[in-house]
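To start, the structure itself, in structure tokens.
Each chain gets a letter, A, B and so on, in the order the sequences are listed, and its residues count up from 1.
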Amino acid sequence: MTPRVRFAPSPTGYLHVGAARTALYNYLFARHSGGTFILRSDDTDEARGTDEFQEDILEHLRWLGLEWDEGLAIGGPLGSYRQSDRYDRYREVAQDLVERGSAYYSFATAEQLDAFKREAREAGASPAYDGSLEPPAAEVADRLAAGEKAVVRFKVPRPGATEFADVVRGDMRFDHAQVDDFIILRSNGTPTYHLASTVDDVDYDITHVIRGEDLLSSTPKHILLTQAMGGDPATYAHLSLLMGPDGKKLSKRHGDTAMAAYREAGYLPEAMNNYLALLGWNIGDDETIASLDEMIDRFELTTVSRNPAVFDPKKLEWMNGVYIREMNDDEFIAVTVPLVEDAVGRTLSDEDRARYALLVPLVKERTKLLPEVASQARFLFVDIDEYDEKAWSKVMAVDEGPIALDGAIAALENLDPWTTEAIDTALRAMLEERELSARKGFQPIRVAISGSMVSPPLFESLEILGRDEALARIRRARAALS
RNA sequence: GGCCCCGUCGUCUAGAGGCCUAGGACGCCGCCCUCUCAAGGCGGUAGCGUGGGUUCAAAUCCCAUCGGGGCUACCA
């Protein structure tokens, strides 16, 4: 049987990095094994789920390139992949379970349950609810008929235990004394996660459930339910959780967790995938950088780490730089021109674009996050008449400032041809002539043309700027000095 | 509290009794390159939570302990 896996987020929040990693592992496993990757919406929480979240999840999964074979938006042979469309099916299963004695209507109130658990705990017994607060079977029909509200609980076999082999955790055993008779149908008739998720996994022939470790202790419930339905339990693989720098479960208070935030910050999907894959899995051969295809080729669920992993933005950022440097210039231009236009406040003309293209090889290797290109390329497209305060005091308003600027004007005024090489030669000769160090002599020129002490390489920048504009800026700065 | 999971450099990890005076990557530090900033090259810093065992030999096996995390909802 070819593997069938699913990523089943509930739309109660934006796609966050931890969920994205779960999706990625499902995707890698499916592609590696020639299986099917299914995207489902576990949207049984009507109070918290929204269409906006749902859309965000789809959009960012697409952005990451984790294409699914069946499910949301594209459909598939098994009907709807949205649980809210399948309530009738879940009710049918619940009803069937009741009829067969695997589930029962429960009238116990929250207060009664609290008391039950408190007493059990005080008596040193297991606090798991076992249905002992329920009325005799004979009364149930009457109370239901009288309109009394009830939930449906699954009847956990007692005594007993559920054992299973988790692909990443190893052999697991849960004593039923620790497992509540859990609710499968709420009093309003809607299914809970446990029911809906399990029914879907059975109905859609899911072979491997790859999900977060937070669901590990719910697994006995899912296996028990599956068996009661007459299905074969899937193989389970529980991934450790992602942590914040403080070792606590990754959450908003640790900073950005929404994938959208990383996309906006200028991260590349390739870098995101690569980094996320490394959180709990290693490519092998001491390798750190790998394309999606390479990862698909090497991915094994059995080599996934059991340790929780701390999400480290620093390493992600470094990796993003690696991927940016690997982009070809055309790609880089395509994604960064809008960012530059944004910073400059106007649309780039064809001529602007041509000049930007010349600068790209220089800025590309200097950026880790896409939006950084704006500050590097900005000088090409705006007038420089304001200078960074520190730059002005440190390199301009000093003895060497005017000397260097005067020298540059003299050296460049009649330079022919206007090329990086010629500029290089002329300016270095000027250095010698005026007895300036490279640093003291070149920095004022840099500040004059860019307004800042940091810019792409000077000679290239001068060439791309053009003689007239370059000289105008140098003269303007010189004038401002006197 | 109960049940469950986890514990190798600050972080992600390699390591499945001798190959480990513990390897790689990020970070950090230094040097080189150099017109600034990057990139790149070279080098360095730093770790087997603790205590007992088992063994000729333990990061690797066992026990205990400590620490962290998850679950314990009519959330998922």
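Taken to the nearest 0.5 Å, the OH atom of A/Tyr387 stands 5.5 Å off from the CE atom of A/Met396.
With a cut-off of 3.5 Å on both Watson-Crick or G-U wobble distances, the partner of B/A38 is given as none. Taking a pair to require two hydrogen-bonding distances under 3.5 Å in either a Watson-Crick or a G-U wobble arrangement, B/C33 remains unpaired. In this structure B/G67 sits in a base pair with B/C6, meeting the Watson-Crick or G-U test at under 3.5 Å. In this structure, B/G1 forms a base pair with B/U72, meeting either the Watson-Crick or the G-U wobble geometry with both donor-acceptor distances under 3.5 Å. Applying the Watson-Crick and G-U wobble criteria (two distances, each under 3.5 Å), B/C20 pairs with nothing in any strand. Across all strands shown, B/A25 pairs with B/U11; the Watson-Crick or G-U wobble distances both stay below 3.5 Å.
Comparing B/C74, B/U72, B/A76 by their closest approach to the side chain of A/Asp180 singles out B/U72. In this structure, the nucleotide among B/G24, B/A76, B/C35 sitting nearest to the side chain of A/Asp45 is B/A76. Between B/A76, B/C35, B/G70, one nucleotide has an atom nearer to the side chain of A/Ser217 than all others, and that is B/G70.
Taking atom CD of A/Glu163 as the reference point, atom C1' of B/C3 lies 15 Å away to the nearest angstrom. The CG-C1' distance, from A/Leu242 to B/C6, rounds to 14 Å in whole Å. With rounding to whole Å, A/Tyr387 atom OH is found 17 Å from B/U36 atom C1'. Summarising the geometry, the separation between CG on A/Asp175 and P on B/C71 is reported as 21 Å, rounded to the nearest angstrom. Rounded to whole Å, atom P of B/U11 lies 12 Å from atom OH of A/Tyr275. Atom CG of A/Leu216 is separated from atom P of B/U72 by 12 Å (rounded to the nearest Å). A straight line from CD of A/Glu460 to C1' of B/U34 spans 12 Å, rounded to a whole angstrom. Here B/A76 presents its P atom at 12 Å from NZ of A/Lys221, a figure rounded to the nearest Å.
Using a 3.5 Å distance cut-off with no hydrogens or angles, the side chains of A/His254 and A/Asp246 do pair a donor with an acceptor.
Taking 4.0 angstrom as the limit, A/Arg325 places a side-chain polar atom (N or O) nearer than this to OP1 or OP2 of B/G40. Between A/Arg439 and the phosphate of B/U36, there is a side-chain N or O to OP1/OP2 separation shorter than 4.0 Å. The side chain of A/Lys249 places no N or O atom within less than 4.0 Å of a non-bridging phosphate oxygen (OP1 or OP2) of B/C5. Residue A/Arg48 places no side-chain N or O under 4.0 Å from the OP1 or OP2 atom of B/A76.
Distance noted for atom P between B/C3 and B/A73: 16 Å (whole Å). B/G17 and B/U60 have their P atoms separated by 11 Å, with the value rounded to a whole Å. Atom name C1', nucleotides B/U8 and B/G67: the rounded distance is 15 Å, in whole Å. Only the C1' atoms considered, B/G2 is 49 Å distant from B/G44, to the nearest whole Å. Going from the C1' atom of B/C33 to that of B/A38 covers 13 Å, rounded to whole Å. For B/C37 and B/C31, the P atoms lie 13 Å apart once the distance is rounded to whole Å. A gap of 14 Å separates the P atoms of B/C6 and B/A14, to the nearest Å. Using atom C1' as the reference point in both B/C28 and B/U11, the two lie 12 Å apart (nearest Å).
Checked against A/Asp200 for a salt bridge (charged side-chain N to carboxylate O under 4.0 Å, His left out), the options A/Arg89, A/Arg82, A/Arg40 give a single hit: A/Arg40. When the options A/Lys117, A/Lys155, A/Arg158 are evaluated for a salt bridge (charged side-chain N to carboxylate O under 4.0 Å, His left out) with A/Asp180, the one that passes is A/Lys117.
Contacts of A/Gly280 with the nucleic acid, taken as non-hydrogen atoms under 4.0 Å apart, involve only primed sugar atoms and P, OP1 or OP2. Among the heavy atoms of the strands, none lies under 4.0 Å from A/Pro9. Counting any heavy atom pair closer than 4.0 Å across all strands shown, A/His194 reaches a base atom. Using a 4.0 Å heavy-atom criterion, one finds that A/Thr44 contacts the sugar-phosphate atoms exclusively. Using a 4.0 Å heavy-atom criterion, one finds that A/Ile289 contacts no nucleic acid atom at all. Backbone-only engagement by A/Arg306 is indicated by non-hydrogen atom pairs under 4.0 Å involving sugar-phosphate atoms exclusively. Here A/Ser187 lies in heavy-atom contact (under 4.0 Å) with a base.
Heavy-atom nearest nucleotides on RNA chain B were determined for A/Ser305 and for A/Leu458, and the one closer to the 5' end corresponds to A/Ser305. Comparing A/Ala438 and A/Glu287 by the nucleotide of RNA chain B whose heavy atom lies nearest to each, the residue mapping closer to the 5' end is A/Glu287.
Aromatic rings from A/Phe154 and A/Tyr104 are positioned such that their centres are separated by 6.0 Å or more. Close placement of the A/Phe459 and A/Phe442 rings is indicated, their centers lying within 6.0 Å of each other. Between A/Tyr267 and A/Tyr275, the distance from one ring center to the other does not fall under 6.0 angstrom.
Taking every heavy atom of residues 362-372 of chain A and every atom of RNA chain B, pairs under 4.0 Å involve A/Glu365, A/Arg366, A/Lys368, by number. Proximity of residues 307-323 of chain A to RNA chain B (heavy atom under 4.0 angstrom from any strand atom) is restricted to A/Asn307, A/Pro308, A/Ala309, A/Val310, A/Asp312, A/Lys314, A/Lys315, A/Trp318.
Under 4.0 Å is where a charged nitrogen must lie from a carboxylate oxygen, and between A/Asp285 and A/Arg298 at least one such pair does.
With hydrogens and angles left out, the side chain of A/Arg169 and the base of B/C5 share no donor-acceptor pair within 3.5 Å. In the interface, the side chain of A/Ser455 is not paired with the base of B/C37 through any donor and acceptor atom under 3.5 Å apart.
Closest approach of A/Arg446 and A/Pro456 over heavy atoms only: NH1-O, 3.3 Å.
Taking 4.5 Å as the limit, some side-chain heavy atom of A/Phe299 sits within range of a side-chain heavy atom of A/Trp281.
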Take A/Arg48 and A/Asp45 through the salt bridge (Lys or Arg N to Asp or Glu O under 4.0 Å) test and state the conclusion after the steps.
-> CA-CA 6 Å; A/Arg48 295 192 302 152; A/Asp45 185 350; 2.7 Å; yes
Derivation of the side-chain hydrogen bond (donor to acceptor under 3.5 Å, both in side chains) call for A/Thr219 and A/His238 | CA-CA 10 Å; A/Thr219 305; A/His238 287 92; 3.1 Å; yes
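Ring geometry, A/Phe174 versus A/Phe164: the interplanar angle falls under 30°, so the pair is classed parallel (tilted spans 30 to 60°).
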